[in-house]
Amino acid sequence: MIQQRHQLWQRTLRSVAADFQALGDEQRSWIGEAVRRIGRGQQQLHALFLAADGPSLCSRCQGACCACGTHHFTLVNLLAWLAEGLSPPTPTLP
């Protein structure tokens, strides 16, 4: 099961990266600006999480929330990596 998820992730990553590269410069530029705006919003949400003592509250579940997923970022996050010409981090497999 874990190996299948990893293979699916690799196929998805290759597919999204190829589609992104096939876009025109104007489209890639638009996506780059859009994901930067979204990133700023995510940073604001994270600041609210910290202000609400999120790390303390988060630790109380002892990983139960994070255990529900493998890849904790969205297509927008992936596009942000690609727009910067970077490869996203490889997920940690259990």
Side-chain angles (χ1 to χ4, degrees):
M1 171 85 150
I2 293 171
Q3 186 63 26
Q4 290 171 325
R5 274 199 240 160
H6 180 70
Q7 290 171 348
L8 176 60
W9 167 247
Q10 292 300 318
R11 284 193 311 269
T12 301
L13 179 57
R14 283 191 301 271
S15 177
V16 172
D19 288 347
F20 182 78
Q21 289 304 314
L23 296 173
D25 290 341
E26 186 175 324
Q27 292 169 312
R28 282 197 309 272
S29 177
W30 180 88
I31 288 173
E33 179 54 36
V35 296
R36 281 188 287 279
R37 284 193 317 269
I38 292 167
R40 288 189 294 272
Q42 288 177 327
Q43 289 172 341
Q44 290 170 341
L45 285 172
H46 185 67
L48 291 171
F49 170 78
L50 294 175
D53 196 25
S56 172
L57 297 170
C58 197
S59 67
R60 291 181 192 168
C61 81
Q62 299 179 342
C65 293
C66 291
C68 295
T70 301
H71 311 290
H72 296 285
F73 58 88
T74 66
L75 176 60
V76 171
N77 300 127
L78 177 54
L79 289 173
W81 283 90
L82 296 174
E84 294 296 321
L86 302 170
S87 295
T90 302
T92 303
L93 300 176

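Predicted model, so just to flag it, every value in this text is computed and none were measured. The analysis underlying the following values was restricted to heavy atoms, covering all of them including side chains, and did not include hydrogens, waters or symmetry mates.
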Could you pull out all residues at least two apart from [X] that satisfy side-chain contact (heavy atoms from CB on, under 4.5 Å)?
X: V76; answer: V35, I38, T74
X: F49; answer: H46, P55, C58
X: S29; answer: none
X: A34; answer: W30, R37

Restricting to non-hydrogen atoms, name the atom on A83 and the atom on G32 that form the minimum distance, rounded to 0.1 Å.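 Of all heavy-atom pairs spanning A83 and G32, the closest is CB-CA, 3.9 Å.
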Non-hydrogen atoms of F20 and L79 that approach each other most closely: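 Here F20 and L79 meet closest at CD1-CD2, 3.9 Å.
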Pair listing, salt bridge (Lys or Arg N to Asp or Glu O under 4.0 Å) test, anchored in [range], at least two apart:
range: residues 7-16; result: none
range: residues 46-56; result: none
range: residues 41-51; result: none

Provide the full list of side chain to side chain donor-acceptor pair (under 3.5 Å) pairs with a residue in residues 18-28, sequence neighbours left out, each pair given once.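 Listed by first then second residue: D25-R28.
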Cluster check L75, W81: I/L/V/M/F/W/Y, side chain < 4.5 angstrom: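 Hydrophobic grouping puts L75 apart from W81.
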Taking atom OG of S87 and atom CG of L78, what is their separation to the nearest 0.5 Å?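 The distance works out to 10.0 Å.
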List the residues meeting side chain to side chain donor-acceptor pair (under 3.5 Å) with E33, not counting sequence neighbours, and say none if there are none.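 With neighbours one apart ignored, the set is empty.
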